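One structure below.
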Amino acid sequence: MTMGRSWLLAATIAAAPALVVAQPAHAQASPAAVPTASAADARQRAEALVAQMTLDEKIALLHGLFPPMAEGKTAAELIPSAGHIDSVPRLGIPIVRESDASLGVANQVEQRKGDVATALPSALATAATFSPELARAGGMMIGAEARAKRFNVLLAGGVNLTRDPWNGRNFEYFGEDPLLSGMLAGEHIAGVQSNNIVSTVKHFALNAQETGRMVADAQIDEAAFRMSDLLAFQIAIERGQPGSVMCAYNKVNGDWSCENDFLLNQVLKRDWGYRGWVMSDWGGVHSTAKAANAGLDQQSGQELDRAEYFGAPLKAAVEREEVPVARIDDMVARYLTGLIGSGAFDTSVPASAQVPDYARNAGVAQQAAEAGIVLLKNEGGVLPLARTAKRILLIGGAADRGVLSGGGSSQVRSVGGAPVEIPLAYGPAASFVRITYHASSPLAALREALPGVQIDYVDGRNLNETLAAARAADLAIIFATQWTTEAQDAPDLRLPDHQDALIAMVAEAQPNMVAVMETGGPVLMPWVDRVPAIVQAWYPGQRGGEAIANVLTGRVNPSGRLPITFPATASQPPRPTPVGLDTLSSLEAQAAANPANVSDYQLSSFPVTYGEGADVGYRWYEKSGQRPLFPFGHGLSYTSFAYSDATVMGGDGLSVTVDVSNTGTRPGADVPQLYVTREGSDAPMRLAAFQRIELSPGETKRVTLTAEPRIIADYDVQQPGWHIRPGRYRVAIARNAEDRAMEMVTQLDEARMKP
Ligand code: BGC
């Protein structure tokens, strides 16, 4: 269904020779210290520039190229990547070079031959750290590498909430909770922008599934929308101050996101006072005057749209007075405000690519992976691996070579290369995606961590050999993989390729076993009762093998917490399988039968109704009275924690102060979570605050968790704005969304807040 994007591969092959020339090893390119301007100052400077520009110069800044397909440019001008916007030298307006960067500086299908970058773990793994600091550190690292590679606008900051566990892009987002997602995405963005570089926040909004992502029409009630997906964006924008917002492919309540007056003009620009620019997703523009007047400021990668909507047609629309000149001025001023405010405008780009400090940056990736790995289950103390184990068998998941990564525009070609790379034969992702592993072998890392232990590997394909080897070992560690990608959803939540059966059989042969899960998000675990230890490693990034080994051996005490609910059965989540798969197949069949009608096919739409409203994720489980396999917020440790002496403050704000103690024998990190709901309401409890804290054995720290007021409030469309009703509120200090270690009640005053 991703018509435009499907050109990437072909175009890439024909693209200009690689431009990135390795320079002598060289310190991290640190941007010159340009003080970032306040939004008001940046806007003033931007307006002064706009006042000096001709209409043609203005229009030229409002549509960008997709370098692999762009015509009329020399190889020296374009860096093969996602986007390019020309400079205006006479006014000092810089060239903009855009790269995807959710998990590192992307290089899909190696369009820049030999250009590697540091790959963080998936954003979902970063979310599992519950650490704003680590999210920021990851962003800072990516921004520094991007700058060294001459990019100045990064397409990072994916903050779409996970509404469906099968969404193919869950790994690129920060989970199902608006507060956690918004905070971590915001910190990631701030980290990127600390390099005087622009980051986007994306995809605005409700791009919650990949099936039919370019035609699906997300339907949701306004109050529920404001309290869930929009709140995640709002918090991310407040914390991260991104220079740009990328609107999504899908429709929202009947209008394309990139020409949606409600989303762009009313919510983003009016209610939230956003000053930067709205860029389209690649291939997400459908009109000229309507889009411009609805708040879209720039068409991205125009070769992927059906027309250069914001090129000559925009000029014509101005001349016909369908788009006011004042609007054009605002579009340009917003673009320049984003560039000036972030410091990108005033920071010179190196003349040639420089080599970042990859060794240092690998440490950033490893730290995030280690903090984001979640110990889901550990019965009988199987982990950390006993020093008495003399023979360990590793099974499957290409654990002898590396760790899996997610597919799509976020794909990083990581330092060390891709030891496994499998092209796709068919499907909407086939043209720009390959199944890719990072070169970080858990086998090698475990061998290094456990000298003297015999550690063998089998790939699991020969069942008899695998079971015999498992029996002969003291312990078996099976690496289960679920590859997911942009442009398509996981068809269901089962592990593919009969891995469930293999895990069950290995557990029978060798009960002393561990399952390490390298998955995009939640999968079903029909064998959960038979496997004593389960480690959720997500897509752990380019140092994933080392991170997994460190957690298994206890060098690192696991501290990740689930940012997403793991369902017990496929029928528990609101939608068991991707919506529209059937509709799409019939549309595809029609298009194949009659290629002349391909445009009808592209514009065909189908609704995806989010009836659960704001009760996303764990809230849905509470509301529908279901017990998931593992709840949101869950995660075990090799030590133990206790909460005591809690006091709750109510009135005109809500906070809880509590002692958190490490009652075990190892240092570790805990994440006390504050959940709240109004007594007597039927609203499920919502995560209102959390804090990750490191504690030595026996140590106690007193922690204050202050609730985000909009989490306590409801959105009132009549007011309009947030409304905290007066009354008694139930407050829980919890280990996860289900295990509420302490519950209290407090009284809150009435409060109203702006939208
Ligand atoms: C994706 C965006 C990405 C853009 C540019 C689109 O297909 O949805 O996330 O930034 O391509 O590569």
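Fair warning: this is a prediction, and the values are worked out from it, not measured in the lab.
With hydrogens and angles disregarded, a donor-acceptor distance shorter than 3.5 Å links the side chain of R150 to the backbone of A351. Side-chain N or O atoms of D177 include one that pairs as donor or acceptor with a backbone N or O of L179 at under 3.5 Å. In this structure, the side chain of T200 does not engage the main chain of K202 through any donor-acceptor pair within 3.5 Å. Remark: side-chain polar atoms of T288 are paired, donor with acceptor, to backbone N or O of Y309 under 3.5 angstrom. Here the side chain of S287 pairs a donor or acceptor atom with the backbone of A291 at under 3.5 angstrom. In this structure a side-chain-to-backbone donor-acceptor pair under 3.5 Å is missing from D86 to I95. Here the side chain of E110 pairs no donor or acceptor atom with the backbone of R112 at under 3.5 angstrom. N107 contributes a side-chain N or O that, together with a main-chain N or O of D115, makes up a donor-acceptor pair within less than 3.5 Å. N260 places a side-chain N or O within 3.5 Å of a backbone atom of D255 that can act as its donor or acceptor partner. Panel note: side chain D100, backbone S410; no donor-acceptor pair is recorded below 3.5 Å.
Under the 4.5 Å side-chain criterion, counting only non-hydrogen atoms from C-beta, R97 is not in contact with V153. Under the 4.5 Å side-chain criterion, counting only non-hydrogen atoms from C-beta, R270 is not in contact with N265. Here the side chains of T118 and V412 are not in contact, with every heavy-atom distance at 4.5 Å or above. Residues K251 and S605 form a side-chain contact, since some pair of their non-hydrogen atoms from C-beta on lies under 4.5 Å apart. Counting heavy atoms from C-beta outward, S81 and F151 have side chains that approach closer than 4.5 Å. Annotation: side chain of L263 is in contact with side chain of F225 (closest heavy-atom distance under 4.5 Å). Considering only heavy atoms from C-beta on, V159 stays 4.5 Å or farther from Y173 through its side chain. In this structure, I237 and L268 have side chains that are in contact, with non-hydrogen atoms separated by less than 4.5 Å.
For the residue pair S102/E172, the side-chain donor-acceptor check at 3.5 Å is satisfied. With 3.5 Å as the limit, one finds a donor-acceptor pair spanning the side chains of S409 and E486. No side-chain donor-acceptor contact under 3.5 Å links S244 and R334. A donor and an acceptor atom, one from each side chain of Q193 and S199, are nowhere located under 3.5 Å apart. For N361 and E145, the side-chain atoms include at least one donor-acceptor pair closer than 3.5 Å.
The line from CD of Q44 to CG of D41 is 6.5 Å long, rounded to the nearest 0.5 Å. Separation of atoms CZ (F432) and CD (Q108) is listed at 8.0 Å; rounding is to 0.5 Å. Atom CD of Q299 and atom NE2 of H63 lie 8.0 Å apart (nearest 0.5 Å). In this structure, CG on N207 lies 6.5 Å from CZ on R169, to the nearest 0.5 angstrom. Here D229 contributes atom CG and L206 contributes atom CG; the two are 4.0 Å apart, rounded to the nearest 0.5 Å. Atom CE of M246 is separated from atom CD of Q298 by 10.5 Å, given to the nearest 0.5 angstrom.
In this structure, Q52 places its CD atom where more than 12 heavy-atom neighbours from other residues, nucleotides or ligands lie under 6.0 Å away.
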| So N170 and T162, side-chain hydrogen bond (donor to acceptor under 3.5 Å, both in side chains) or not? Walk me through it. | CA-CA 6 Å; N170 282 343; T162 294; 3.2 Å; yes

| said: Checking D716 against R226 for the salt bridge (charged side-chain N to carboxylate O under 4.0 Å, His left out) test, could you report, in this order, the C-alpha distance in whole Å, the side-chain angles of both residues, the deciding distance, and whether it holds? | reply: CA-CA 9 Å; D716 179 350; R226 296 261 192 179; over 6 Å; no

| side-chain hydrogen bond (donor to acceptor under 3.5 Å, both in side chains) evaluation trace for D271 with Q266 | CA-CA 6 Å; D271 294 347; Q266 297 178 42; over 6 Å; no

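Listed by chain and number, the residues in a ring-ring contact (aromatic ring centres under 6.0 Å, His included) with Y335 are W277 (sequence neighbours excluded). Scored by the side chain to side chain donor-acceptor pair (under 3.5 Å) test, D217 finds Q219 as partners (sequence neighbours excluded).
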